[in-house]
Amino acid sequence: MIIDGKKEAELLQQKIKQEISVLKKTKSKVPSLTVILIGEYTPSLIYVKNKEKQSKDVGIKSNIIKYPKDVSEQDILNKIKDLNKDDNVSGILVQLPLPDQIDKEKIINTISPSKDVDGFNPNNVGNLASGYKSIIPCTPLGCLLLIKKIEKNLTGMHAVIIGRSNLNGKPMAQLLLRENCTVTIVHSKSKQIKSHSEKADILITAVGVPNFVKKDWVKDNAIVIDVGINKLNGKIVGDVDFEEVKKKAKAITPVPGGVGPMTIACLLKNTLECFKALST
Ligand code: GUN
């Protein structure tokens, strides 16, 4: 089975849109997302444009603040502090990657945890790791929602995550632990990755290498979630050898049209959650 991430994202966005239209009847403010975009990195421009369009479609006010790539760190920190205080702003996202003169850690630490729609602030990361209420990073949340469309109860399943990033691998592990999975994380310095991946009931990959995961790396009937976005011969592909692995997997996400649309839908979900928390 091929998991239709686009369809699942549309369903989630419809729910969000419906909830916002009800909220608008009783609240004077609307959910709003401010994105800070620094420089002209093409993938970032595309992502941000997409986020803007999807936000508007569900009734979230979208505001993009653009800076040249030589902007000072202090200017960005000052802007974030202003946005933190602004009652009309529900969510703040600083698009990554950042230019070298700007310290990512400082930026992430300055975004108010209650407006941190990425869930990257250590306050949210710590709450997630402790099993407390937190804002959950959009990509792993999207992956989990897709996995749960296939299998409601993940208790006892062995999940193998390839990649240990703060954006995906680490929070993905926390989410799957919360679902009672046995979790293995492998990464670029791991030995014999195949010996782990071939045991996975759920295999999640975010490495950025086309065809990294081959058919013989995957157990029969595994759920395979491909977070990779790579260019190969002018085409966008994931990390998994899709044509071969789809013959073996119980369910697999395509690239494009798998995790990507769900990530954006989850960003909208997080923005709505921040709005609700701030307006109660
Ligand atoms: N750049 C690529 N993915 C992301 C993301 O999920 N959040 C932010 N802030 N930047 C990104």
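Every number for a ligand or one of its atoms is a count from 1 in the order of the listing.
- Listed by atom number, the atoms of ligand 1 under 4.0 Å from L167 heavy atoms are 3 (N), 4 (C).
- No side-chain donor-acceptor contact under 3.5 Å links D86 to the backbone of D82.
- Atom numbering of ligand 1 starts at 1 in the shown order; those under 4.0 Å from a heavy atom of V94 are 8 (C), 9 (N).
- Only the side chain of L93 comes within contact range of ligand 1, with a heavy atom under 4.0 Å; no backbone atom does.
- Counting only heavy atoms from C-beta outward, the side chains of V237 and V255 never approach each other to under 4.5 Å.
- N88 is listed as a side-chain neighbour of K29, based on a closest heavy-atom distance under 4.5 Å.
- A heavy-atom separation below 4.0 Å is not found between T139 and ligand 1.
- No side-chain heavy atom of S90 sits less than 4.5 Å from a side-chain heavy atom of L33.
- Taking atom 8 (C) of ligand 1 as the reference point, the nearest protein heavy-atom neighbour is D118 OD2, 3.5 Å.
- Backbone and side-chain nitrogen or oxygen atoms of L96 are examined, and one is located within less than 3.5 angstrom of a nitrogen or oxygen of ligand 1.
- Side-chain contact check for D70 versus P99: every heavy-atom pair is 4.5 Å or farther apart.
- Ligand 1 has an N or O atom lying under 3.5 Å from an N or O atom of Q95, backbone or side chain.
- Neither the backbone nor the side chain of L267 has a heavy atom within less than 4.0 Å of ligand 1.
- The backbone N or O of F120 sits less than 3.5 Å from a side-chain atom of D116, completing a donor-acceptor pair.
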